[in-house]
Colleague: 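Take a look at the following structure, please.
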Amino acid sequence: MRTGVNREDPAPRAQPVIKWAGGKRQLIDRYREFFPARFNAYHEPFLGGGAVFFHLIPPVSFLSDSNEELINMYLVIQNKVDQLIEDLSRHKNDRDYYYQIRSLDVRTLTDVQRASRLIYLNKTCYNGLYRVNRRGEFNVPFGKYKRPRFLDVDSLLAANRVLQRAVLMAGDFEMVLENARPGDFVYLDPPYYPVSRTSGFTDFTDRSFSAKDHERLSRTFDELAGRGCLVMLSNSDTPFVRELYAGYRRGIISLTANRPINSRADKRGPVGELIVCSWIK
Ligand SMILES: C[S@@+](CC[C@H](N)C(=O)[O-])C[C@H]1O[C@@H](n2cnc3c(N)ncnc32)[C@H](O)[C@@H]1O
């Protein structure tokens, strides 16, 4: 029998180690009141920067993402943090060096070197984003920051501590169906359904998240809710998304957030945003 979460427990302070597009770090205060007070295991199959995981720090977690570089980074933080710190300490904040690291073929690197490269690029690139082209190559330009913090030992050690209690996997979100049990909390934060044709943001991996994927996700939501999981989803506030979750009418809560994901000023602005909570009836 798994134990319930008591959020009064003192927990080691840990925070997201990388900045991630669509990251929920700035929204935690808005989300906090909606998280269930008690649950068994925690599942986050669109992990990204893991803002919700690092906020909740649950005793038992299943964390996954389709981005293999990202999951490799968390596995290295979990299991080889000392080697990672050593490797990160070799990096330099220099334009030519940045492009040299960016051009490396990850297939020729060790797991520690890949994790170190991802953190270094995330902290030194323009706008701190992870973006790849169609060939899966990281393509963000150098960020010209004065003192980027690519080696943050305290943050890595704190993440290492809390990740000891997590199971990490790379793969599609439907994997969550294999492990989630009644009473578990599942937080779903997919790439958002685009508000308009031009605002689509699907550069997290080399594959995009289509309308069909959103439909598949809503069926996964239904199946999890039907088996007694506490399921929470974040998405854009659009008629398409509202229609997909129409069966949870009372559980659909609209939030509005100012999320500077895009560097182009004309595409910033408030994005209508909602959450769906399966247990609010
Ligand atoms: C909005 S981000 C999650 C942000 C995260 N909540 C945070 O606070 O940083 C969406 C994530 O979904 C991942 N993703 C895209 N398609 C996926 C799929 N089919 N299955 C699992 N993860 C997927 C992306 O790699 C990305 O990390």
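When a residue number appears, it is its place in the shown sequence, counting from 1.
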Colleague: Quick one: are Pro58 and Phe39 in side-chain contact, heavy atoms under 4.5 Å?
Modeller: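 Side chain of Pro58 against side chain of Phe39, heavy atoms only: contact under 4.5 Å found.
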
Colleague: Aromatic rings Tyr187 and Phe35: how do their planes relate, parallel, tilted or perpendicular, breaks at 30° and 60°?
Modeller: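 Perpendicular: the ring planes of Tyr187 and Phe35 meet at over 60°.
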
Colleague: Can you tell me how far OG of Ser155 sits from CD1 of Ile77, rounded to the nearest 0.5 angstrom?
Modeller: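 Interatomic distance, Ile77 CD1 to Ser155 OG, rounded to 0.5 Å: 7.5 Å.
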
Colleague: Would you say Asn235 and Pro190 make side-chain contact, with heavy atoms under 4.5 Å?
Modeller: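 Sidechains of Pro190 and Asn235: in contact.
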
Colleague: Side chain of Asp213, backbone of Ser210: donor and acceptor closer than 3.5 Å?
Modeller: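 A pair under 3.5 Å: yes.
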
Colleague: The test is side-chain hydrogen bond (donor to acceptor under 3.5 Å, both in side chains); show your working for Arg181 and Asn40 and say whether it passes.
Modeller: CA-CA 9 Å; Arg181 315 236 180 101; Asn40 294 331; over 6 Å; no

Colleague: Is there a donor-acceptor pair closer than 3.5 Å between any side-chain N or O of Lys19 and the backbone N or O of Asn127?
Modeller: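 Yes, Lys19 side chain to Asn127 backbone: donor-acceptor pair under 3.5 Å.
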
Colleague: Using modelled atom types and a 3.5 Å cut-off, is there a donor and acceptor pairing between side-chain atoms of Asp237 and backbone atoms of Leu274?
Modeller: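 Checking the backbone N and O of Leu274 against the side chain of Asp237, no donor-acceptor pair under 3.5 Å is found.
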
Colleague: Among all residues two or more places apart in sequence or in another chain, which pass the side chain to side chain donor-acceptor pair (under 3.5 Å) test with Ser89?
Modeller: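 Residues passing side chain to side chain donor-acceptor pair (under 3.5 Å) with Ser89: none at all.
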
Colleague: For the residue pair Glu33 and Arg30, establish whether any side-chain heavy-atom pair is separated by less than 4.5 Å.
Modeller: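 Yes, close enough: below the 4.5 Å cut-off.
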
Colleague: Give a yes or no on whether a salt bridge exists between Asp29 and Arg32, defined as a side-chain N under 4.0 angstrom from a carboxylate O.
Modeller: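 Yes, Asp29 and Arg32 are salt-bridged.
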
Colleague: Over 60° means perpendicular and under 30° means parallel, so classify the ring planes of Phe221 and Tyr248, tilted if in between.
Modeller: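 If you compare the ring of Tyr248 with that of Phe221, the planes turn out perpendicular.
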
Colleague: Looking only at non-hydrogen atoms, find the nearest pair between Ile253 and Cys277 and report the distance.
Modeller: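 Ile253 and Cys277 have their closest heavy atoms at CD1-SG, 4.4 Å.
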
Colleague: What pairs meet the salt bridge (Lys or Arg N to Asp or Glu O under 4.0 Å) rule with one or both residues in residues 92-104, with sequence neighbours excluded?
Modeller: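 Passing the test, one end in residues 92-104: no pairs.
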
Colleague: Compare every heavy atom of Ser278 with every heavy atom of Cys229, then report the nearest pair and how far apart it is.
Modeller: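 Closest approach of Cys229 to Ser278: O-OG, 3.6 Å.
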
Colleague: Contact between Leu255 and Leu27 at the side-chain level, heavy atoms closer than 4.5 Å - yes or no?
Modeller: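 The answer is no; the side chains never approach within 4.5 Å.
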
Colleague: If hydrophobic clusters are built by linking Ile, Leu, Val, Met, Phe, Trp and Tyr wherever their side-chain heavy atoms come under 4.5 Å apart, do Tyr145 and Phe142 end up in the same one?
Modeller: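 Not linked; separate clusters.
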
Colleague: Out of curiosity, Leu156 CG to Met73 CE, how far, rounded to the nearest 0.5 Å?
Modeller: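 That separation rounds to 8.5 Å.
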
Colleague: When you compare the side chains of Glu69 and Tyr130, does any donor N or O come within less than 3.5 Å of an acceptor on the partner?
Modeller: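 Judged by distance alone, the side chains do not pair up.
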
Colleague: Between Arg25 and Gln15, does a side-chain contact (heavy atoms from CB on, under 4.5 Å) hold up when you go through it step by step?
Modeller: CA-CA 9 Å; Arg25 197 173 184 164; Gln15 289 175 354; 3.0 Å; yes

Colleague: Answer with yes or no whether the side chains of Asp184 and His43 bring together a donor and an acceptor at under 3.5 Å.
Modeller: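 A donor-acceptor contact under 3.5 Å links the two side chains.
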
Colleague: Quick one: do Arg165 and Val60 satisfy side-chain contact (heavy atoms from CB on, under 4.5 Å)? Show the steps, please.
Modeller: CA-CA 6 Å; Arg165 299 176 286 176; Val60 181; over 6 Å; no

Colleague: Walk me through it: do Arg149 and Asp152 pass the test salt bridge (charged side-chain N to carboxylate O under 4.0 Å, His left out)?
Modeller: CA-CA 6 Å; Arg149 240 179 137 198; Asp152 183 343; 3.5 Å; yes

Colleague: Considering only heavy atoms from C-beta outward, does the side chain of Arg131 approach that of Phe138 to under 4.5 Å?
Modeller: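 Side chain of Arg131 against side chain of Phe138, heavy atoms only: no contact under 4.5 Å found.
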
Colleague: Please state whether the rings of Tyr97 and Tyr120 are parallel, tilted or perpendicular, taking 30° and 60° as the class boundaries.
Modeller: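 Rings of Tyr97 and Tyr120: perpendicular, as their planes differ by over 60°.
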
Colleague: Distance check, rounded to the nearest 0.5 Å: Ser254 atom OG versus Ile275 atom CD1?
Modeller: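 Output value for this atom pair is 9.5 Å.
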
Colleague: Between Tyr31 and Ser234, is a side-chain contact (heavy atoms from CB on, under 4.5 Å) present by the stated rule, with each step listed?
Modeller: CA-CA 10 Å; Tyr31 275 55; Ser234 301; 2.8 Å; yes

Colleague: If we ignore hydrogens and angles and just use 3.5 Å, is the side chain of Asn160 paired with the main-chain N or O of Gln78 as donor and acceptor?
Modeller: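 At least one qualifying donor-acceptor pair exists.
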
Colleague: I need the Asp222 CG to Leu217 CG distance, nearest 0.5 Å.
Modeller: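 These two atoms lie 9.5 Å from each other.
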
Colleague: Do the ring planes of Phe209 and Phe173 sit parallel (below 30°), tilted (30 to 60°) or perpendicular (above 60°)?
Modeller: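 Phe209 and Phe173: tilted rings.
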
Colleague: With side-chain contact (heavy atoms from CB on, under 4.5 Å) as the criterion, how do Val167 and Leu63 come out once you've worked through the C-alpha distance, each side chain's angles and the decisive distance to 0.1 Å?
Modeller: CA-CA 6 Å; Val167 176; Leu63 308 175; over 6 Å; no

Colleague: Do Val176 and Thr220 touch side chain to side chain, with heavy atoms closer than 4.5 Å?
Modeller: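 Touching, per the 4.5 Å side-chain cut-off.
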
Colleague: Using every non-hydrogen atom in the two residues, find where Asp189 and Phe46 come nearest and quote the distance to one decimal.
Modeller: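 So the two residues come closest at O-CB, 3.1 Å.
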
Colleague: We want to know whether Thr238 and Tyr192 form a side-chain donor-acceptor pair, criterion being a heavy-atom distance below 3.5 angstrom.
Modeller: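 No donor-acceptor contact under 3.5 Å links the two side chains.
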
Colleague: Compare every heavy atom of Cys125 with every heavy atom of Tyr98, then report the nearest pair and how far apart it is.
Modeller: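 The pair with the smallest heavy-atom distance is OH-CB, 3.0 Å.
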
Colleague: Do Met232 and Val276 make a side-chain contact, defined as non-hydrogen atoms from C-beta onward lying under 4.5 Å apart?
Modeller: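 Counting from C-beta outward, Met232 and Val276 never come under 4.5 Å.
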
Colleague: Tell me if a side-chain donor or acceptor on Ser236 pairs with a main-chain N or O of Tyr193 at a distance below 3.5 Å.
Modeller: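 Yes, the answer is positive, given that a donor and an acceptor are paired below the 3.5 Å cut-off.
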
Colleague: Return the OG to CG distance between Ser116 and Leu121, rounded to the nearest 0.5 Å.
Modeller: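 Those atoms lie 9.0 Å apart.
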
Colleague: Do Ile252 and Arg242 have side chains that approach each other closer than 4.5 Å (heavy atoms only, starting at C-beta)?
Modeller: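 The answer is yes; the side chains approach within 4.5 Å.
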
Colleague: Looking at Glu174, I want to see if its CD is surrounded by more than 12 non-hydrogen atoms of other residues, nucleotides or ligands under 6.0 Å.
Modeller: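 More than 12 within 6.0 Å, yes.
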
Colleague: Please check: side-chain N/O of Asn79 versus main-chain N/O of Leu75, any donor-acceptor pairing under 3.5 Å?
Modeller: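 Between the backbone of Leu75 and the side chain of Asn79 there is a qualifying donor-acceptor contact (under 3.5 Å).
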
Colleague: Give me the atom names and distance for the closest heavy-atom approach of Ala14 to Val162.
Modeller: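 Shortest heavy-atom contact: CB-CG2, 3.8 Å.
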
Colleague: I'd like to know if the side chain of Ser61 reaches the main chain of Ala166, judged simply by a donor and an acceptor atom lying under 3.5 Å from each other, with no hydrogens or angles considered.
Modeller: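 No, Ser61 side chain to Ala166 backbone: no donor-acceptor pair under 3.5 Å.
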
Colleague: Do other residues, nucleotides or ligands put more than 12 heavy atoms under 6.0 Å from the CD atom of Glu137?
Modeller: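 Atom CD in Glu137 is crowded, with more than 12 foreign heavy atoms closer than 6.0 Å.
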
Colleague: With distance as the sole test, does Gln164 use its side chain to make a donor-acceptor pair with the main-chain N or O of Arg161 at under 3.5 Å?
Modeller: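 Pair absent, no side-chain N/O of Gln164 close to backbone of Arg161.
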
Colleague: Identify the residue among Phe53, Tyr42, Phe34, Phe62 that makes a ring pair (Phe, Tyr, Trp, His ring centres under 6.0 Å) with Phe185.
Modeller: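 That would be Tyr42; it is the only one of Phe53, Tyr42, Phe34, Phe62 passing the ring pair (Phe, Tyr, Trp, His ring centres under 6.0 Å) with Phe185.
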
Colleague: Does Glu223 come within less than 4.0 Å of Arg227, counting only side-chain N to carboxylate O?
Modeller: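 Salt bridge flag = yes for Arg227 with Glu223.
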
Colleague: Within the 3.5 Å criterion, strictly below it, is a donor on Arg147 or Asn93 matched to an acceptor on the partner's side chain?
Modeller: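 Arg147 vs Asn93: no donor-acceptor pair found between side chains.
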
Colleague: May I have all residue pairs that pass salt bridge (Lys or Arg N to Asp or Glu O under 4.0 Å) and include part of residues 74-85, sequence neighbours excluded?
Modeller: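 Counting only pairs at least two positions apart or across chains, the salt bridge (Lys or Arg N to Asp or Glu O under 4.0 Å) contacts touching residues 74-85 are Lys80-Asp111.
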
Colleague: Which atom names give the shortest non-hydrogen contact between Asp65 and Leu47, and what distance separates them?
Modeller: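 For Asp65 versus Leu47, the nearest heavy atoms are OD2-N, 3.3 Å.
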
Colleague: Any chance you could measure Ile18, atom CD1, to Leu70, atom CG, to the nearest 0.5 Å?
Modeller: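 Interatomic distance, Ile18 CD1 to Leu70 CG, rounded to 0.5 Å: 5.0 Å.
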
